[in-house]
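Note sheet for the following structure.
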Protein chains: 2
Amino acid sequence: MPKLEDVAKRANLSKTTVSRVLNKRGYLSQKTIDKVYQAMEELDYHPNVVARQLYKNKTDLIGILLPTVANPFFGELTAALEDRLYQQGFKVIIGNSMNNPQKEADYLQQLLIKQVDGLIVGSHNQGIQQYRHAGLPVVSIDRIMNQDIPVIASDNYRGGQLATERLIAQGVRKIIHTNGPHDLATPAQRRRLAYEDSMKEHNLQPITYELDFNISTADKDKVFQRIFVEHPDVEAIFASNDTDAVQIIQLAQASGRQVPRDLLVIGYDGTQLVRELVPQLTTIIQPIAQIAQTAVEVLQRRLAKQTKQKEYLLPVSLWEGTTG
Amino acid sequence: MPKLEDVAKRANLSKTTVSRVLNKRGYLSQKTIDKVYQAMEELDYHPNVVARQLYKNKTDLIGILLPTVANPFFGELTAALEDRLYQQGFKVIIGNSMNNPQKEADYLQQLLIKQVDGLIVGSHNQGIQQYRHAGLPVVSIDRIMNQDIPVIASDNYRGGQLATERLIAQGVRKIIHTNGPHDLATPAQRRRLAYEDSMKEHNLQPITYELDFNISTADKDKVFQRIFVEHPDVEAIFASNDTDAVQIIQLAQASGRQVPRDLLVIGYDGTQLVRELVPQLTTIIQPIAQIAQTAVEVLQRRLAKQTKQKEYLLPVSLWEGTTG
């Protein structure tokens with residue numbers, strides 16, 4: 001097995017320089033880097049990252065636990081988080097909990113046992129006991145975990161208010177809201193609260209339909225159909241995410257309702273992808289880049305034991321489409 | 001520092017049982033698992049994964065290098081890959097190359113030095129020398145890397161043919177194709193080849209506009225606008241991905257062309273998300289679940305040094321929307 005000093009000899013450089021190349025420390029010319037890598041290749045030398053991790057007692061890995069990167073919000077968020085973490089010298093282990101509490105618990109159990117230096121969590125399951133005993137920095141995105149874990153969220157109350165007030169201002173009275181299960185302590189429940197407050201302020205009756213996180217598109221269809229059956233006079237729907245909003249629009253159109261003529265619809269999240277694919281959808285934009293930046297900064301401060309702040313609230317904005 | 005035997009003593013179980021819980025080996029009752037974890041918590045015991053990795057000389061980590069999970073195709077692919085790998089006992093380190101060759105090279109350099117057991121690569125950059133000297137199993141998705149690395153791709157030639165033949169069958173003659181740069185040896189170039197072959201078979205003139213992978217939506221707009229300026233009589237466009245197709249439809253409509261009345265448009269990829277958000281878009285569906293499953297199977301066979309097969313071609317299908 002070749003050693004570091006063999007690489008140094010072959011590259012005609014000092015051991016210190018080779019070590020600096022391997023650890024990416026200080027200024028290094030491309031020529032030096034190339035010489036070291038060429039010598040490594042010629043000797044088939046592989047420095048052992050795992051051994052180094054053991055020695056340093058850190059892995060430079062951050063775990064990210066989210067429902068699924070197949071969802072455009074979490075896809076864009078993960079890309080932004082990974083890019084920020086990469087710039088700070090971290091690599092990312094990703095787990096898609098798929099809203100499966102068992103999988104989430106399993107990931108936690110495995111990641112927490114010294115495989116990562118910290119965790120960023122945006123998953124939907126509650127009551128997973130391990131979080132409390134993490135013993136390593138955890139940052140939560142849009143999710144209230146427990147009293148020790150900082151939460152980074154966009155201003156969901158303001159978002160719910162923006163959407164509801166915009167609909168009311170257009171003269172409609174019968175506005176229905178769709179959201180996740182009430183018993184999940186997500187900051188997203190503040191959208192519902194804001195909707196209910198805004199409705200009551202205008203002496204309007206708030207009506208919220210709850211959707212489970214795990215249900216299929218077909219099952220969602222049934223819930224949305226039920227809205228039209230139970231409230232044929234519905235004038236507007238404020239959906240808690242954009243894919244639901246688009247599905248509602250399609251169902252409405254299939255049953256002969258024109259949007260926005262017969263029904264106003266506003267979504268939530270406003271990812272870049274959805275704004276590109278469905279620019280006509282009125283929605284509330286969550287500031288994904290800012291959320292990612294803040295999450296990484298807070299995690300780093302927690303790693304350095306520098307902060308105790310509990311909540312970070314980021315501003316939302318309105319995407320003025322034509323649907324609501 | 002507490003040891004494994006302290007945990008065993010506290011939980012009133014044998015060391016073997018505790019070890020089996022930590023390594024998830026064999027049948028274990030929930031009661032046993034809970035007892036072990038409770039004892040671990042009470043003693044603040046953390047088994048050292050990194051030390052175990054060093055001992056076993058494997059990390060049970062797989063690296064995934066892709067352009068970005070913010071793209072719906074790669075987002076859904078990553079979710080599917082992660083789920084399959086998780087079922088096989090692996091965790092995933094993810095790198096978004098963002099089409100940045102420097103970042104991709106950097107990831108490779110770091111991951112290859114014994115941090116992962118294998119790599120799944122779907123990134124767009126070529127000529128990255130390190131792949132050749134990987135010294136660990138690499139599987140490529142939709143990307144020709146070099147002669148040693150197996151490629152898993154959907155049948156891009158068939159996809160290009162399906163799209164082009166469908167347009168020709170509708171009676172249009174002036175059909176333009178958009179694709180990535182010609183010099184990238186992607187299997188996706190076979191879509192272009194199939195388009196050109198199909199056009200020539202019908203004595204039609206193939207015209208392909210090339211788009212760089214790195215350009216912004218605004219710069220893409222300019223290229224697409226150019227199509228309408230340089231070919232005002234264009235009757236159909238076959239775009240190499242769905243987001244481009246949707247952008248083209250929006251531009252066409254903004255300039256007064258109705259789709260499909262004045263212009264037919266067919267996209268490519270057919271992710272679940274795009275089919276949900278823009279069901280009217282006619283597109284070619286890549287079988288993401290099958291691609292992920294095959295990639296993980298091939299990687300495992302490579303890890304076991306069991307296969308030399310070079311190419312795996314998976315079937316595409318047509319999503320019959322109304323745009324083309």
Side-chain angles (χ1 to χ4, degrees), chain A residues 22 24 37 40-41 44 46-51 53-54 57 59 61 63-64 68-72 74-80 82-83 86 91-96 98 103 106-107 109-115 129-130 132-133 135 217 242-243 246-247 250 271-274 276-279, chain B residues 22 24 37 40-41 44 46-51 53-54 57 59 61 63-64 68-72 74-80 82-83 86 91-96 98 103 106-107 109-115 129-130 132-133 135 217 242-243 246-247 250 271-274 276-279:
Chain A
L22 294 178
K24 296 167 170 285
Y37 277 90
M40 282 168 62
E41 275 179 15
D44 201 26
H46 296 283
N48 196 318
V49 172
V50 173
Q53 287 173 355
L54 189 61
N57 200 24
T59 60
L61 287 169
I64 299 185
T68 169
V69 289
N71 170 299
F74 291 115
E76 291 182 15
L77 181 63
T78 301
E82 184 271 344
D83 205 47
Y86 170 79
K91 282 195 288 302
V92 163
I93 292 186
I94 193 173
N96 299 302
M98 309 302 278
K103 190 174 177 191
D106 192 38
Y107 257 112
Q109 187 176 301
Q110 291 186 51
L111 292 178
L112 292 180
I113 40 183
K114 299 217 177 165
Q115 192 158 24
Q129 168 130 327
Q130 283 102 316
R132 268 197 296 133
H133 298 279
T217 308
D242 291 331
T243 45
V246 170
Q247 203 180 332
Q250 287 163 1
T271 56
Q272 198 184 329
L273 183 74
V274 169
E276 281 172 18
L277 292 177
V278 199
Chain B
L22 294 179
K24 297 168 170 284
Y37 276 90
M40 281 168 61
E41 275 177 17
D44 201 25
H46 297 283
N48 197 318
V49 172
V50 173
Q53 287 172 354
L54 190 62
N57 199 26
T59 60
L61 287 170
I64 298 184
T68 169
V69 290
N71 170 298
F74 292 115
E76 291 183 14
L77 181 62
T78 301
E82 185 271 345
D83 204 48
Y86 170 79
K91 283 195 286 302
V92 163
I93 292 188
I94 194 174
N96 299 303
M98 310 301 277
K103 190 174 176 191
D106 192 38
Y107 258 113
Q109 187 177 300
Q110 293 187 50
L111 292 178
L112 292 179
I113 40 182
K114 302 219 174 158
Q115 191 157 24
Q129 166 128 331
Q130 283 103 315
R132 269 197 296 133
H133 299 278
T217 307
D242 291 333
T243 44
V246 170
Q247 204 180 333
Q250 287 162 1
T271 56
Q272 198 184 329
L273 182 75
V274 169
E276 282 173 15
L277 292 178
V278 199

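Heavy-atom basis, side chains included; hydrogens, waters and symmetry copies ignored. Lettering of chains follows the sequences in order, A, B, ..., and the numbering in each one begins at 1.
- Most heavy-atom pairs under 4.5 Å with chain A, from the set B:K91, B:E82, B:Q250: that is B:E82.
- The CG atom of B:L277 sits 8.5 Å away from the CG atom of A:D242 when rounded to the nearest 0.5 Å.
- Note on A:V246, A:L77, A:V69: by heavy-atom pairs under 4.5 Å with chain B, the leading option is A:V69.
- For B:Y86 and A:D106, the side-chain atoms include at least one donor-acceptor pair closer than 3.5 Å.
- Using a 4.5 Å cut-off between heavy atoms, A:D83 contacts chain B through both its backbone and its side chain.
- Using a 4.5 Å cut-off between heavy atoms, A:Q247 does not touch chain B at all.
- If you measure heavy-atom distances from A:L273 to chain B, the contacts under 4.5 Å come from the side chain alone.
- Of the listed residues (A:T217, A:T68, A:V278), the greatest number of heavy-atom pairs within a distance under 4.5 Å of chain B belongs to A:T217.
- You'll find the side chain of A:I93 stays beyond 4.5 Å of the side chain of B:V92, heavy atoms only.
- A distance of 8.0 Å separates CG in B:N96 from OG1 in A:T78, rounded to the nearest 0.5 Å.
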